[in-house]
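Here the structure comes first, spelled out in structure tokens, and everything after it is commentary.
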Amino acid sequence: MKVASDWDTEEIGNLQLDYVFHCGRSTAGEYVHTLSAAEIASGWWEGEAIMGRSQAATKEGMQNIRRRLPFRIREIHPDNDSGMINSLLWNYCKGAGIRMSRSRPYRKNDNCWVEQRNWSHIRKVVGYGRLDSPVELAILKELYACLRLYKNFFQPTIKLIEKVRVEGKIHRKYDQPKTPFQRLLESGQISAAARKALEAQYASLSVAVLHRRIEELRTRLWKASEAKSKAEPRASARGRGISLTRQAAG
């Protein structure tokens with residue numbers, strides 16, 4: 001078990017994990033979840049859309065995230081959700097040489113790095129609507145493929161350096177804004193091959209193209225959800241009509 005103050009915020013490779021539910025107003029049935037992962041030292045973020053939150057789906061999502069990361073995972077830190085705290089993921093971590101810790105129950109601040117990105121990277125982009133169809137899942141996967149590049153290579157973040165109390169007031173001091181990409185390069189903790197690959201990838205990207213593509217995919221996701229919502233009342237009405245016809249015939 002770890003709290004926020006226990007972390008070495010300069011060591012690359014420590015991931016906080018969390019689920020973001022895309023259930024809308026009801027948790028009934030199966031729906032899409034985002035497996036959200038935030039690296040503490042650099043702020044690097046990955047999002048993986050999965051259907052449901054079974055142990056098998058979570059393991060597969062974790063494997064996909066791991067393949068994309070430009071650094072070795074030292075430790076993963078989920079909350080107390082049974083989709084993550086289970087023997088399947090524990091054995092996976094043991095086999096991969098990854099440490100595993102968890103948060104205290106009902107203490108979101110223990111997972112504060114990933115909780116911040118759940119809002120800024122997911123809710124502000126995707127919203128709170130219900131996503132439960134294969135079409136929506138596919139669009140969300142495509143959206144995250146672009147969003148991870150936009151956030152990690154072009155969106156700077158600030159890190160808290162110190163807090164000082166002056167006359168009863170807390171004054172916070174932050175470092176210079178830097179992107180997760182810049183923080184990884186400056187850390188000196190990634191391999192030469194990973195550094196070269198990151199620099200080549202950065203040179204191939206256009207922030208304007210990425211932004212336009214993200215907005216296109218957000219629009220597609222919204223339209224897919226709208227089309228589904230309009231179709232559901234008609235299906236329900238047809239079901240009621242069949243039921244009434246049967247009752248009249250009886």
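If you take CG on N118 and CZ on F21, they are separated by 11.0 Å, rounding to the nearest 0.5 Å. For the atom pair NE2 of H22 and CZ of R130, the computed distance is 12.0 Å after rounding to the nearest 0.5 Å. Atom CD of residue E162 and atom CG of residue D175 lie 11.5 Å apart, to the nearest 0.5 angstrom. Rounded to the nearest 0.5 angstrom, K94 NZ and L89 CG are separated by 12.5 Å. From H121, atom NE2 reaches atom CD of Q155 across 8.0 Å, with rounding to the nearest 0.5 Å.
For E46 (side chain) and I65 (main-chain N/O), no donor-acceptor pair under 3.5 Å exists by modelled atom type. Checked by atom type and distance alone, the side chain of R183 pairs as donor or acceptor with a backbone atom of T157 at under 3.5 Å. Of the possible donor and acceptor atoms, one in the side chain of E39 sits under 3.5 Å from a partner among the backbone N and O of G13. Using a distance-only test at 3.5 Å, with no hydrogens or angles considered, a donor-acceptor pair links the side chain of N152 to the main chain of W45. The main-chain N or O of K169 is never found under 3.5 Å from a side-chain atom of R165 such that the two would form a donor-acceptor pair. At distances below 3.5 Å, at least one donor-acceptor pair connects side-chain atoms of R74 with backbone N or O atoms of I12.
Using a 4.0 Å cut-off between charged side-chain N and carboxylate O, E199 and R195 make a salt bridge. Ion pairing between E226 and K223 fails under the 4.0 Å rule for side-chain N and carboxylate O.
Side-chain contact between E215 and R218 is present, with heavy atoms from C-beta onward closer than 4.5 Å. With contacts defined as side-chain heavy-atom distances shorter than 4.5 Å, the pair I190/P70 does not qualify. In this structure, L17 and M62 have side chains that are in contact, with non-hydrogen atoms separated by less than 4.5 Å. Annotation: side chain of R123 is in contact with side chain of V20 (closest heavy-atom distance under 4.5 Å). For the pair K159 and E10, the minimum side-chain heavy-atom distance is below 4.5 Å. Counting heavy atoms from C-beta on, the side chains of L210 and F153 never come closer than 4.5 Å. Residues R66 and I73 form a side-chain contact, since some pair of their non-hydrogen atoms from C-beta on lies under 4.5 Å apart. Contact annotation: the side chain of Q63 approaches that of K59 to within less than 4.5 Å [non-hydrogen atoms, C-beta and beyond].
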message: Under the criterion side chain to side chain contact (heavy atoms under 4.5 Å, CB included), I'd like the reasoning laid out for N64 against L35: C-alpha separation, chi angles, the key distance, then a yes or no.
response: CA-CA 10 Å; N64 291 338; L35 182 58; over 6 Å; no

After noting the C-alpha distance and the side-chain angles of K151 and R117, does the key distance pass the side chain to side chain contact (heavy atoms under 4.5 Å, CB included) rule? CA-CA 10 Å; K151 293 291 188 181; R117 284 154 184 82; over 6 Å; no

For V207 and Y150, run side chain to side chain contact (heavy atoms under 4.5 Å, CB included): C-alpha distance rounded to whole Å, both residues' side-chain angles, the deciding distance at 0.1 Å, then the answer.
-> CA-CA 7 Å; V207 63; Y150 182 74; 3.6 Å; yes

(Q) One pair to check against side chain to side chain contact (heavy atoms under 4.5 Å, CB included): V209 and R212. What are the steps and the verdict? (A) CA-CA 5 Å; V209 171; R212 284 196 296 269; 3.6 Å; yes

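S26 and Y31 share no side-chain donor-acceptor pair at under 3.5 Å.
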Please output the side-chain donor-acceptor pairs of residues 135-145 that fall under 3.5 Å, not counting sequence neighbours, one pair per line with the distance.
unit_1: E136; atom_1: OE1; unit_2: D132; atom_2: N; d: 2.8
unit_1: E136; atom_1: OE1; unit_2: S133; atom_2: N; d: 3.0
unit_1: E136; atom_1: OE1; unit_2: S133; atom_2: OG; d: 3.0
unit_1: E136; atom_1: OE1; unit_2: K228; atom_2: NZ; d: 3.1
unit_1: E136; atom_1: OE2; unit_2: S225; atom_2: OG; d: 2.8
unit_1: E136; atom_1: OE2; unit_2: K228; atom_2: NZ; d: 3.0
unit_1: K141; atom_1: NZ; unit_2: E48; atom_2: OE2; d: 3.1
unit_1: K141; atom_1: NZ; unit_2: A49; atom_2: O; d: 2.8
unit_1: E142; atom_1: OE2; unit_2: R213; atom_2: NH2; d: 2.2
unit_1: Y144; atom_1: OH; unit_2: T34; atom_2: OG1; d: 2.6

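Scanning all heavy atoms of the two residues, the minimum distance from I50 to G61 falls at CG2-CA, 4.3 Å. Taking each heavy atom of L217 and C146 in turn, the nearest pair found is CD1-SG, 4.1 Å.
A 6.0 Å sphere centred on CZ of R25 holds no more than 12 heavy atoms belonging to other residues, nucleotides or ligands. At most 12 heavy atoms of other shown residues, nucleotides or ligands fall within 6.0 angstrom of atom CD in Q176.
Ring geometry for F181 against Y202 counts as parallel: the plane angle stays under 30°, on a 0 to 90° scale with 60° as the upper cut.
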